[in-house]
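Reviewing the structure listed below.
The structure displayed is predicted, hence computed values, not measured ones. Every chain is numbered from 1 and lettered A, B, ... according to where its sequence line falls, protein lines coming before strand lines.
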2 protein chains.
Amino acid sequence: MTSTNQILFHIRKNITPDPKEEQFFVSLLNPVKLKQGEFAEKAGEVTYNFIHVTAGCLMTYYTDKQGNDQVIQFATAGWWTGDLHSLTSQQPSIYTTRALADSEILQLPKVRMEELLERYPRFERYFRIMFQNSLVTHQNRIIEAFTATAEERYHNFQKKYPHMEQYVPLKYIASYLGITPEFLSKIRRKK
Amino acid sequence: MTSTNQILFHIRKNITPDPKEEQFFVSLLNPVKLKQGEFAEKAGEVTYNFIHVTAGCLMTYYTDKQGNDQVIQFATAGWWTGDLHSLTSQQPSIYTTRALADSEILQLPKVRMEELLERYPRFERYFRIMFQNSLVTHQNRIIEAFTATAEERYHNFQKKYPHMEQYVPLKYIASYLGITPEFLSKIRRKK
DNA sequence: GTAGTGGCTTGAACTAGATTAAGAAATTGA
DNA sequence: TCAATTTCTTAATCTAGTTCAAGCCACTAC
């Protein structure tokens with residue numbers, strides 16, 4: 001399956017655009033291949049693209065004043081990623097997005113997305129549903145962060161993303177879980 | 001300002017509906033007054049309404065198996081609240097939403113919202129923008145939960161919601177911050 | 001080969017924040 | 001008005017998770 005077929009498949013699950021709309025949408029996309037370790041976006045730079053992952057795996061992380069990385073999200077095929085705040089406000093991003101494995105992404109430039117929504121408002125619905133679902137996921141993550149122990153969070157992570165552990169170095173999983181790699185090591189030993 | 005004027009004011013900041021659309025939107029809304037302590041939604045019941053607060057203050061919390069409450073959100077005038085997951089899936093809600101002070105809300109029933117979006121797709125844009133903004137806020141909260149100390153989180157909360165501390169019992173603020181009331185007490189003494 | 005580098009583990013000492021228990025202060029209510 | 005309930009504080013003890021320091025294992029590069 002080509003990467004454009006893949007994203008159309010994803011879209012058709014939520015809305016039913018006509019062929020003309022689909023064609024226009026696809027024409028706005030910018031396919032990019034990333035090798036492992038390469039950056040899709042860097043903290044400090046303004047984000048111009050909304051990113052859809054079609055193959056591989058990316059992660060988005062925040063680097064605080066002390067230089068510690070906090071992983072916000074992993075994104076595999078079918079996910080949208082990128083810094084929404086920077087994309088909306090056109091202020092420098094606070095996030096870095098980087099390939100954890102050789103990956104393929106589709107860039108949707110902000111200005112192109114605005115054109116799309118202007119011309120074919122049907123796509124508002126698609127993005128509304130995407131954001132709405134994402135919001136539920138984020139709410140769950142906040143609850144989990146506050147109410148579950150590190151060990152519970154790790155096991156929930158394994159259940160939810162069973163294949164991620166092969167892809168992703170443990171230190172990034174630790175960061176995603178909000179713990180140190182040392183402590184994750186201890187949790188894993190127990191089992 | 002009436003509560004319907006208030007919500008229209010809020011909507012006009014994001015989209016520009018024509019009078020006919022505004023009128024239809026307003027006709028879908030169901031104004032409700034809540035006394036302090038009353039419930040807008042209860043955990044265990046299916047959520048049928050999306051809620052817009054026009055006066056007062058509500059809070060939404062999650063109760064875990066041990067019976068501990070975790071406050072997810074405070075909502076004052078101008079905010080949307082409610083359990084998106086239950087609203088979308090029509091499964092029983094895991095959240096309770098309750099008035100912290102005498103309040104006024106506008107209920108937008110799920111089925112009515114669907115009618116609205118069907119008939120006037122322009123409103124998709126409004127909700128898309130709402131969810132998009134909310135997502136940014138939630139992302140920030142996740143970062144804060146993992147990278148900031150309880151003390152920093154408390155001071156950030158004070159900065160961000162300067163009036164909330166008068167409204168809201170401290171134990172709920174502690175819960176929102178993910179700490180015990182005892183520890184919040186210690187933090188406050190220091191200052 | 002072996003020197004380097006990054007990812008993972010181990011253990012000892014430490015700390016942010018929880019738990020428990022009690023008392024003080026503020027609200028409510030008949 | 002005074003008892004009852006709820007909210008807030010204080011202090012002692014305890015624990016989940018951090019920090020620091022070291023060692024181990026793969027993998028790469030000269």
(message) Tell me the interatomic distance from A:Glu182, atom CD, to D:dG23, atom P, rounded to whole angstroms.
(response) 16 Å

(request) Select base, sugar-phosphate, or nothing to describe what B:Gly37 touches, counting heavy atoms under 4.0 Å on all strands. (result) nothing

(message) Just by distance, no angles: are the side chains of B:Asp83 and B:Thr47 close enough, under 3.5 Å, to form a donor-acceptor pair?
(response) no

(message) In whole Å, I'd like the distance from the CG atom of B:Leu170 to the P atom of C:dA25.
(response) 16 Å

(request) Could you check B:Val168 against A:Ala150 and say which one's nearest nucleotide on DNA chain D is further toward the 5' end? (result) B:Val168

(request) Could you go through the ring pair (Phe, Tyr, Trp, His ring centres under 6.0 Å) check for B:Trp79 and B:Phe74 one step at a time? (result) CA-CA 9 Å; B:Trp79 291 60; B:Phe74 298 112; 9.5 Å; no

(request) Specify the separation, in whole Å, of atom OH of B:Tyr154 and atom P of C:dA16. (result) 19 Å

(message) Rounded to whole Å, please give me the gap between CD1 in B:Ile179 and C1' in D:dA16.
(response) 16 Å

(message) Measuring from the side chain of B:Ser185 (C-beta onward, heavy atoms only), which nucleotide among D:dT10, C:dC8, C:dT10 has the closest atom?
(response) D:dT10

(request) Can you figure out which of C:dT10, D:dT18, C:dC8 approaches the side chain of A:Arg189 most closely? (result) C:dT10

(request) Rounded off to whole Å, could you give me the NZ-to-C1' distance for the A:Lys186 and D:dT15 pair? (result) 13 Å

(request) Would you check if the distance from the ring center of B:Tyr61 to the ring center of B:Tyr95 is below 6.0 Å? (result) no

(request) Among C:dA18, D:dC20, D:dT7, find the nucleotide with the atom closest to the side chain of B:Thr180. (result) C:dA18

(request) Take atom CG of A:Asp69 and atom P of C:dG7, then tell me their distance rounded to the nearest Å. (result) 12 Å

(message) How many whole angstroms separate atom CD of B:Gln36 from atom P of C:dG29?
(response) 10 Å

(message) With nearest nucleotide decided by heavy atoms, which residue, B:Gly178 or A:Lys171, maps closer to the 5′ end of DNA chain C?
(response) A:Lys171

(request) Please check if any side-chain donor atom of A:Ser93 sits under 3.5 Å from a side-chain acceptor atom of A:Glu45, or the reverse. (result) no

(message) Measure CZ/B:Arg188 against P/C:dA24 and give the value in whole Å, please.
(response) 19 Å

(message) Centre-to-centre under 6.0 Å for B:Tyr176 and B:Phe157, is that the case here?
(response) yes

